[in-house]
Amino acid sequence: MLQAANVVRGTAPPAARPAGSSSLLLTENQQWIGGPPPLMDKLSPRERELVLKQGRRKVLNRGQTLFSQGGKHDGIWLIESGRIRVFYTSPLGREITLAYWHVGNFVGGPEVFEGTVHQWSGVASSNCSVVHLPGKELRSLAAEIPNLAIGLIEGLTFKGKCYSALAQMLGTRSITQRLAHLLLHLVELYGVEDADGTVIAAAFTHADIAHMVGATRQWVTISLKRMQEKGIVLTKRSQIVVCRTDVLEEMRGHASD
């Protein structure tokens, strides 16, 4: 069920991508870390206006569901602000995070029009503003605006590569290696220098990390405690401080569970 407030017609261009904003993906390809080109980047002001006239803006608070796995699909959501976590839930209730998508990205695929069901779920991991582009209207717009159609294809291609890379990492890397890789990734995206090392200046719980690396929350808590005992990381005011990136680099390449 969509939980949202302040539903209004979208008439303004999406907010510019904030400095340092980047999609969070579990991938070994450094070129993919920044995410795909924003969907609306290649559109003229008039084309953007045409697209957004067909959209409806929705504001969600952190933790609210945007779309649910198995729910009826109709179009896509363009992220104007905030961050959307996309995840798959197994029949046994286990979750795996596919990605965190940021400003300029769209979510709701792999189908982008209408008539199917969602293959996974999307939830606001921070307060968000999104613009919903319904499938029927999006189909007409894609036929009318070639650059929008190209943007959709590029975005879907990028997501397909990323989800393939995630499957490869889950199948070929140990959980310990994936955890080390993720911590280094978070340092690159959100790292702020501190007297004790590099603070990951973003709110990710142990459960969030577990869903990213394909582990349990308990395993992540125990592993971080062991890393702290070895001086690799430090837990500080509910944040993780990375003290030894060199050790994490070695763990990422050679560790085993």
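Computed from heavy atoms alone, side chains included, the values below leave out hydrogens, waters and symmetry copies. Worth saying up front: this structure is predicted, and the values here are computed from it rather than measured.
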Pairwise distance [atom1]([X]) to [atom2]([Y]) - rounded to 0.5 angstrom:
| X | Y | atom1 | atom2 | result |
| --- | --- | --- | --- | --- |
| L60 | N127 | CG | CG | 9.0 Å |
| Q177 | M251 | CD | CE | 9.0 Å |
| Q239 | L234 | CD | CG | 11.0 Å |
| T245 | E188 | OG1 | CD | 11.5 Å |
| I79 | C128 | CD1 | SG | 6.5 Å |
| F204 | T97 | CZ | OG1 | 9.5 Å |

Under 4.5 Å between side-chain heavy atoms, hopping through other hydrophobics if needed: is there a path connecting [X] to [Y]?
| X | Y | answer |
| --- | --- | --- |
| V123 | V86 | no |
| W219 | L182 | yes |
| M227 | V220 | yes |
| L66 | F87 | no |
| V117 | L156 | no |

Between [X] and [Y], is any pair of side-chain heavy atoms under 4.5 Å apart?
| X | Y | answer |
| --- | --- | --- |
| V107 | V130 | no |
| V187 | L248 | no |
| M212 | Y100 | yes |
| W101 | F106 | no |
| L186 | V242 | no |
| L39 | L148 | yes |
| R85 | E95 | yes |
| K225 | T235 | no |

Any donor and acceptor pair, going by atom type alone, linking the side chain of [X] with main-chain N or O of [Y] inside 3.5 Å?
| X | Y | result |
| --- | --- | --- |
| H185 | L24 | no |
| D74 | E114 | no |
| E111 | H73 | no |
| N147 | K42 | yes |

* Decide, yes or no, whether a salt bridge links E249 with R252 under the criterion of side-chain N to carboxylate O below 4.0 Å. => yes
* In terms of the angle between their ring planes, are H118 and W77 parallel, tilted or perpendicular, with boundaries placed at 30° and 60°? -> tilted
* **Chi angles and distances behind the side chain to side chain donor-acceptor pair (under 3.5 Å) call for R56, H132** => CA-CA 5 Å; R56 293 181 66 86; H132 180 220; over 6 Å; no
* No-hydrogen, no-angle side-chain donor-acceptor test under 3.5 Å, S126 and R83 -> no
* Verify whether the ring centers belonging to Y163 and Y88 lie closer than 6.0 Å. => no
